[in-house]
Amino acid sequence: MRVLLVEDDPMIGESVGKGLRSDGFTVDWVQDGRRAELALENEVYNLVLLDLGLPRKDGLELLQDLRRRGHTLPVLIITARDAVPDRVRGLDSGADDYLVKPFDLAELLARLRALLRRQGGRATGPIELGALSLDPATHEVRYRGQPVNLSAREFALLHALLEEPGKVLSREQLEDRLYGWGEEVESNAVEVHIHHLRRKLDAGVIRNVRGVGYRLGEKS
Ligand code: CA
(Lines give C-alpha, C1' and ligand atoms only; values in the text may rest on other atoms or scores of the structure.)
Protein backbone atom coordinates (compact mmCIF):
# COMPACT_ATOMS: atom_id res chain seq x y z
CA MET A 1 0.00 0.00 0.00
CA ARG A 2 1.54 3.25 -1.12
CA VAL A 3 0.62 6.39 0.79
CA LEU A 4 1.36 10.00 -0.11
CA LEU A 5 1.98 11.97 3.06
CA VAL A 6 1.59 15.74 2.58
CA GLU A 7 2.76 17.50 5.72
CA ASP A 8 5.01 20.53 6.11
CA ASP A 9 5.73 20.06 9.82
CA PRO A 10 9.00 18.09 9.89
CA MET A 11 8.36 16.51 13.26
CA ILE A 12 4.87 15.29 12.44
CA GLY A 13 5.94 14.19 8.95
CA GLU A 14 8.85 12.26 10.36
CA SER A 15 6.89 10.48 13.06
CA VAL A 16 3.81 9.71 10.94
CA GLY A 17 6.03 8.41 8.12
CA LYS A 18 7.93 6.21 10.52
CA GLY A 19 4.75 4.88 12.09
CA LEU A 20 3.21 4.03 8.71
CA ARG A 21 6.37 2.32 7.49
CA SER A 22 6.63 0.16 10.57
CA ASP A 23 3.03 -0.87 9.90
CA GLY A 24 4.02 -2.05 6.42
CA PHE A 25 2.94 0.96 4.36
CA THR A 26 5.15 2.46 1.69
CA VAL A 27 5.34 6.20 2.23
CA ASP A 28 6.32 9.13 0.02
CA TRP A 29 6.52 12.31 2.06
CA VAL A 30 6.24 15.80 0.52
CA GLN A 31 6.16 19.09 2.37
CA ASP A 32 4.24 21.46 0.12
CA GLY A 33 1.16 21.49 -2.09
CA ARG A 34 2.94 21.75 -5.42
CA ARG A 35 5.17 18.79 -4.74
CA ALA A 36 2.09 16.86 -3.72
CA GLU A 37 0.49 17.61 -7.10
CA LEU A 38 3.62 16.51 -8.92
CA ALA A 39 3.74 13.29 -6.94
CA LEU A 40 0.09 12.57 -7.73
CA GLU A 41 0.75 13.06 -11.42
CA ASN A 42 3.68 10.68 -11.43
CA GLU A 43 2.84 7.90 -9.00
CA VAL A 44 -0.10 5.69 -8.24
CA TYR A 45 -1.18 5.90 -4.61
CA ASN A 46 -3.68 3.96 -2.57
CA LEU A 47 -4.32 6.88 -0.26
CA VAL A 48 -3.37 10.48 0.54
CA LEU A 49 -2.81 11.88 4.02
CA LEU A 50 -3.28 15.61 3.62
CA ASP A 51 -2.45 18.51 5.90
CA LEU A 52 -4.45 21.65 5.09
CA GLY A 53 -2.08 24.48 6.02
CA LEU A 54 0.67 23.98 3.43
CA PRO A 55 3.19 26.19 1.67
CA ARG A 56 2.85 26.90 -2.07
CA LYS A 57 -0.63 25.44 -2.36
CA ASP A 58 -3.24 25.04 0.32
CA GLY A 59 -4.42 21.51 1.11
CA LEU A 60 -8.07 22.33 0.59
CA GLU A 61 -7.37 23.83 -2.83
CA LEU A 62 -5.28 20.83 -3.76
CA LEU A 63 -8.11 18.51 -2.76
CA GLN A 64 -10.72 20.47 -4.70
CA ASP A 65 -8.54 20.40 -7.84
CA LEU A 66 -7.98 16.70 -7.42
CA ARG A 67 -11.71 15.96 -7.22
CA ARG A 68 -12.46 18.31 -10.11
CA ARG A 69 -10.10 16.29 -12.25
CA GLY A 70 -12.00 13.14 -11.32
CA HIS A 71 -9.48 11.56 -8.95
CA THR A 72 -11.31 9.23 -6.61
CA LEU A 73 -8.49 8.00 -4.40
CA PRO A 74 -9.19 8.19 -0.67
CA VAL A 75 -8.01 11.35 1.09
CA LEU A 76 -7.70 11.63 4.84
CA ILE A 77 -7.19 15.15 6.14
CA ILE A 78 -4.87 15.62 9.09
CA THR A 79 -4.89 19.13 10.42
CA ALA A 80 -4.93 21.36 13.45
CA ARG A 81 -7.90 23.28 12.09
CA ASP A 82 -10.39 21.75 14.43
CA ALA A 83 -13.15 24.32 14.08
CA VAL A 84 -16.37 22.75 12.85
CA PRO A 85 -16.67 24.90 9.67
CA ASP A 86 -13.19 23.76 8.60
CA ARG A 87 -14.06 20.11 9.05
CA VAL A 88 -17.25 20.58 7.09
CA ARG A 89 -15.39 22.36 4.31
CA GLY A 90 -12.80 19.60 4.18
CA LEU A 91 -15.42 16.89 3.85
CA ASP A 92 -17.43 18.93 1.37
CA SER A 93 -14.30 19.38 -0.71
CA GLY A 94 -14.03 15.64 -1.16
CA ALA A 95 -12.12 14.33 1.84
CA ASP A 96 -13.09 10.85 2.97
CA ASP A 97 -12.16 11.31 6.58
CA TYR A 98 -10.77 13.86 8.98
CA LEU A 99 -8.37 13.62 11.91
CA VAL A 100 -7.47 16.55 14.15
CA LYS A 101 -3.90 17.01 15.40
CA PRO A 102 -2.56 15.92 17.74
CA PHE A 103 -3.79 12.42 17.05
CA ASP A 104 -2.84 8.97 18.14
CA LEU A 105 -0.93 6.90 15.61
CA ALA A 106 -3.05 3.84 16.40
CA GLU A 107 -6.20 5.78 15.51
CA LEU A 108 -4.67 7.05 12.28
CA LEU A 109 -3.74 3.50 11.26
CA ALA A 110 -7.21 2.20 12.09
CA ARG A 111 -8.83 4.92 9.99
CA LEU A 112 -6.46 4.24 7.09
CA ARG A 113 -7.35 0.58 7.16
CA ALA A 114 -11.06 1.42 7.25
CA LEU A 115 -10.71 3.69 4.21
CA LEU A 116 -8.71 1.13 2.28
CA ARG A 117 -11.23 -1.58 3.10
CA ARG A 118 -14.07 0.58 1.93
CA GLN A 119 -12.19 1.33 -1.28
CA GLY A 120 -11.51 -2.36 -1.86
CA GLY A 121 -15.16 -3.13 -1.13
CA ARG A 122 -14.05 -5.67 1.44
CA ALA A 123 -15.61 -6.39 4.78
CA THR A 124 -13.55 -6.46 7.95
CA GLY A 125 -11.48 -9.52 8.62
CA PRO A 126 -8.65 -11.52 7.16
CA ILE A 127 -7.98 -12.09 3.48
CA GLU A 128 -7.87 -15.78 2.79
CA LEU A 129 -6.41 -17.91 0.06
CA GLY A 130 -6.18 -21.66 0.47
CA ALA A 131 -4.35 -22.44 3.71
CA LEU A 132 -3.16 -18.87 4.02
CA SER A 133 -4.84 -16.02 5.86
CA LEU A 134 -3.68 -12.46 6.45
CA ASP A 135 -5.45 -9.87 8.57
CA PRO A 136 -4.54 -6.31 7.53
CA ALA A 137 -5.90 -4.91 10.80
CA THR A 138 -4.09 -7.11 13.28
CA HIS A 139 -1.14 -8.04 11.02
CA GLU A 140 -1.79 -11.63 11.89
CA VAL A 141 -0.72 -14.16 9.30
CA ARG A 142 -1.65 -17.81 9.54
CA TYR A 143 -0.62 -20.72 7.41
CA ARG A 144 -2.36 -24.07 7.86
CA GLY A 145 -3.84 -22.63 11.05
CA GLN A 146 -0.46 -21.77 12.54
CA PRO A 147 0.63 -18.18 13.23
CA VAL A 148 3.56 -17.01 11.10
CA ASN A 149 5.90 -14.22 12.15
CA LEU A 150 6.75 -11.82 9.33
CA SER A 151 8.79 -8.63 9.10
CA ALA A 152 7.01 -5.44 7.97
CA ARG A 153 8.35 -5.84 4.41
CA GLU A 154 7.52 -9.52 4.19
CA PHE A 155 4.02 -8.71 5.39
CA ALA A 156 3.62 -5.91 2.81
CA LEU A 157 4.86 -8.21 0.04
CA LEU A 158 2.50 -11.01 0.98
CA HIS A 159 -0.37 -8.52 1.31
CA ALA A 160 0.32 -7.18 -2.20
CA LEU A 161 0.28 -10.67 -3.69
CA LEU A 162 -2.80 -11.74 -1.75
CA GLU A 163 -4.79 -8.79 -2.96
CA GLU A 164 -4.47 -9.97 -6.52
CA PRO A 165 -4.48 -13.75 -6.31
CA GLY A 166 -3.54 -15.48 -9.51
CA LYS A 167 -2.05 -12.35 -11.01
CA VAL A 168 1.65 -12.12 -11.74
CA LEU A 169 3.31 -9.09 -10.17
CA SER A 170 6.69 -8.07 -11.53
CA ARG A 171 9.69 -7.35 -9.36
CA GLU A 172 9.34 -3.65 -10.22
CA GLN A 173 5.68 -3.60 -9.18
CA LEU A 174 6.55 -5.25 -5.90
CA GLU A 175 9.46 -2.87 -5.28
CA ASP A 176 7.05 0.00 -5.85
CA ARG A 177 4.76 -1.39 -3.22
CA LEU A 178 7.55 -1.88 -0.71
CA TYR A 179 9.76 1.15 -1.01
CA GLY A 180 9.13 4.90 -0.97
CA TRP A 181 11.26 7.49 -2.71
CA GLY A 182 14.80 7.85 -1.57
CA GLU A 183 14.76 4.53 0.19
CA GLU A 184 17.78 2.48 -0.69
CA VAL A 185 16.67 -0.66 -2.55
CA GLU A 186 19.15 -3.46 -3.01
CA SER A 187 18.75 -4.89 -6.49
CA ASN A 188 17.80 -8.31 -5.12
CA ALA A 189 15.65 -7.03 -2.21
CA VAL A 190 12.40 -8.52 -3.51
CA GLU A 191 14.06 -11.90 -4.14
CA VAL A 192 15.42 -11.91 -0.60
CA HIS A 193 12.00 -11.18 0.93
CA ILE A 194 10.39 -13.84 -1.27
CA HIS A 195 13.03 -16.32 -0.18
CA HIS A 196 12.26 -15.62 3.49
CA LEU A 197 8.52 -15.86 2.90
CA ARG A 198 8.89 -19.22 1.22
CA ARG A 199 10.96 -20.49 4.11
CA LYS A 200 8.37 -19.32 6.63
CA LEU A 201 5.39 -20.60 4.64
CA ASP A 202 6.00 -23.27 2.06
CA ALA A 203 8.28 -23.20 -0.93
CA GLY A 204 5.32 -23.72 -3.27
CA VAL A 205 3.08 -20.96 -1.95
CA ILE A 206 4.64 -18.19 -4.01
CA ARG A 207 5.22 -19.14 -7.63
CA ASN A 208 8.02 -17.69 -9.63
CA VAL A 209 6.98 -17.00 -13.21
CA ARG A 210 10.32 -16.90 -14.93
CA GLY A 211 11.23 -13.55 -16.42
CA VAL A 212 7.87 -12.07 -15.43
CA GLY A 213 7.43 -12.02 -11.67
CA TYR A 214 5.65 -13.70 -8.80
CA ARG A 215 2.20 -15.08 -8.21
CA LEU A 216 0.14 -16.41 -5.34
CA GLY A 217 -2.42 -19.05 -6.13
CA GLU A 218 -3.40 -20.50 -9.46
CA LYS A 219 -3.26 -18.62 -12.72
CA SER A 220 -6.05 -16.07 -13.11
CA1 CA B 1 0.79 22.58 8.09
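Computed from a predicted structure; not experimentally measured. All ligand and atom numbering here is 1-based and tracks the order in the structure. The chain is numbered in sequence order, starting from 1. Computed from heavy atoms alone, side chains included, the values below leave out hydrogens, waters and symmetry copies.
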Have a look at Asp51 and say which of its N, O or S atoms is nearest the Ca ion (ligand 1). OD2
Using every non-hydrogen atom in the two residues, find where Glu154 and Asn149 come nearest and quote the distance to one decimal. OE1-O, 4.4 Å
Please step through side-chain contact (heavy atoms from CB on, under 4.5 Å) for the pair Leu112 and Leu20, ending with a clear verdict. CA-CA 10 Å; Leu112 285 186; Leu20 291 176; 3.3 Å; yes
CZ-OG distance between Arg153 and Ser151, expressed to the nearest 0.5 angstrom: 8.5 Å
Of all N, O or S atoms in Asp8, identify the one at the shortest distance from the Ca ion (ligand 1). OD1
Minimum heavy-atom separation for Ala152 to Arg21, with atom names? CB-O, 4.1 Å
Would you say the Ca ion (ligand 1) has Gly53 as a near neighbour, meaning an N/O/S atom of that residue under 3.0 Å away? yes
